[in-house]
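A short worksheet on the structure shown next.
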There are 2 protein chains.
Amino acid sequence: MIDHESGIPLYLQVADALRKRITTGEIAAGAELLSESEIAAVCGVSREVVRKGLTVLRSEGLIVSVRGRRSAVRRELPVEQVSVVGPARVTARMPTPVERDRFGMVEGVPLLLVRAGGGEMLYPADRVEVCMLSHGAETRGGPR
Amino acid sequence: MIDHESGIPLYLQVADALRKRITTGEIAAGAELLSESEIAAVCGVSREVVRKGLTVLRSEGLIVSVRGRRSAVRRELPVEQVSVVGPARVTARMPTPVERDRFGMVEGVPLLLVRAGGGEMLYPADRVEVCMLSHGAETRGGPR
DNA sequence: GCCCATTTGTCCGTATGTATA
DNA sequence: TTATACATACGGACAAATGGG
């Protein structure tokens, strides 16, 4: 499972192993992981190494951690459709701590920035999908 | 500067202090920070606390770190305009390590997902802006 | 090309605090 | 209240990459 001789950082090996089990669905959304100490014992590494691996997964938005509880696979939230009509530009960046707090976002979730009509709107990317419609557009011909 | 009695985690205080100096432009894009040891000495905390604070800023996409060099404020990249014609849905998430590698993305930069015309395209959010044009739209710039 | 000081990265250990159940 | 579990903080040690001389 964990190869101490491979030269690959142990915390990355821990993160990689867990990520695979999460993305394949072996560990379902909402399910709890083993405790940090248990993972450390199973993998034969220190708890700090496990914590560093979990930090990686948190920043990827794969798990959420709450003090006193085992870390759990992040649940998918219902996606709200936000429509914009006419010329608009959309990009994304990570939120500031203030923005994370304001929108109640967990770690590892980007912020969507929609600029249209002279204003700018911000949306948490795990709950919002931006639907861009050109004015009087028909449904035909996308890019590529 | 750093208050050991405030109850606010020291590494967050370090991150907050540096974030403010970065976002206000006091430390310009591309400029190097002090070394971790120097920051630790200045702030009166351990190097591990400083490293944890820098990890926060990295995951926010504010700084980039390279082994052997001091961490530096992330430079803004020229933004490529990707235009879409017809209805499109745009969202964002953090990239997997494989995707980060494929696109040459640094830490703390989200991935833009554009679904249009039955397909899905991926773009690094620090280099690409998705544009929806109203009339006579043309598609400039291609996928990578 | 090579050494050397600097600097960040990895890993371990210990201790303590604090939230959860 | 108690046990579990995650969070914070410090310390030391060594590895690996950078950049200058």
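Residue numbering restarts at 1 for every chain, and letters A, B, ... go by the order of the sequence lines. Note that these values count all heavy atoms, side chains included, but never hydrogens, waters or copies made by symmetry.
Atoms CG (B/Leu10) and P (C/dT16) sit 17 Å apart, rounded to a whole Å. Rounded to a whole Å, the CD atom of B/Glu48 is 15 Å from the C1' atom of C/dA15. Going from atom CD1 of A/Ile39 over to atom C1' of D/dA5 covers 12 Å, rounded to whole Å. B/Gln13 has its CD atom 13 Å from the C1' atom of D/dA9, to the nearest Å. The CG atom of B/Leu33 sits 12 Å away from the C1' atom of C/dT8 (whole-angstrom rounding). In this entry the distance linking CD of A/Glu32 with P of C/dT20 reads 13 Å, nearest Å. Rounding to whole angstrom units, CD1 of residue A/Ile2 and P of C/dT10 are separated by 15 Å.
In this structure, A/Leu54 reaches neither bases nor backbone, as no heavy-atom distance under 4.0 Å exists between it and the strands shown.
Side-chain contact check for A/Ser59 and B/Ser59: no donor-acceptor pair (N or O, by modelled atom type) lies under 3.5 Å.
Remark: B/Arg89 CZ to A/Gln81 CD distance equals 6.5 Å, nearest 0.5 Å.
Residues of residues 57-69 of chain A that place a heavy atom closer than 4.0 Å to DNA chain D, in numerical order, are A/Ser65, A/Val66, A/Arg67, A/Gly68, A/Arg69.
Side chains of A/Leu54 and A/Leu33 form a contact here, defined as non-hydrogen atoms less than 4.5 Å apart.
DNA chain C is contacted by both B/Arg70 and A/Val45; B/Arg70 maps to the nucleotide lying nearer its 5′ end (nearest heavy atom per residue). Taking for each of A/His4 and B/Ser37 the nucleotide of DNA chain C with the nearest heavy atom, the 5'-most of the two is the partner of B/Ser37.
In terms of phosphate contacts, B/Lys52 brings no side-chain nitrogen or oxygen within less than 4.0 Å of OP1 or OP2 of D/dA9. In terms of phosphate contacts, A/Tyr11 brings no side-chain nitrogen or oxygen within less than 4.0 Å of OP1 or OP2 of C/dC11.
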Residue pair A/Ser6, A/Gln13: steps toward the side chain to side chain donor-acceptor pair (under 3.5 Å) verdict: CA-CA 10 Å; A/Ser6 69; A/Gln13 294 187 49; 3.0 Å; yes

Using the side chain to side chain contact (heavy atoms under 4.5 Å, CB included) rule, take B/Val128 and A/Thr91 through it: C-alpha gap first, then chi angles, then the decisive distance, then the call. CA-CA 7 Å; B/Val128 168; A/Thr91 184; over 6 Å; no

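Taking only distance into account, the side chain of B/Arg47 meets the base of C/dG9 through a donor-acceptor pair shorter than 3.5 Å.
The nucleotide whose nearest atom lies closest to any side-chain atom of A/Arg51 is, among C/dG13, D/dC6, C/dG9, D/dC6. Proximity note for B/Ser46 (side chain, C-beta onward) versus D/dA5, C/dC11, D/dC10: the nearest is D/dC10.
The 12-atom threshold is not exceeded at CD of B/Glu76, counting heavy atoms of other residues, nucleotides or ligands nearer than 6.0 Å.
Looking at B/His4, its side chain does come within 3.5 Å of a backbone N or O of B/Gly44 through a donor-acceptor pair.
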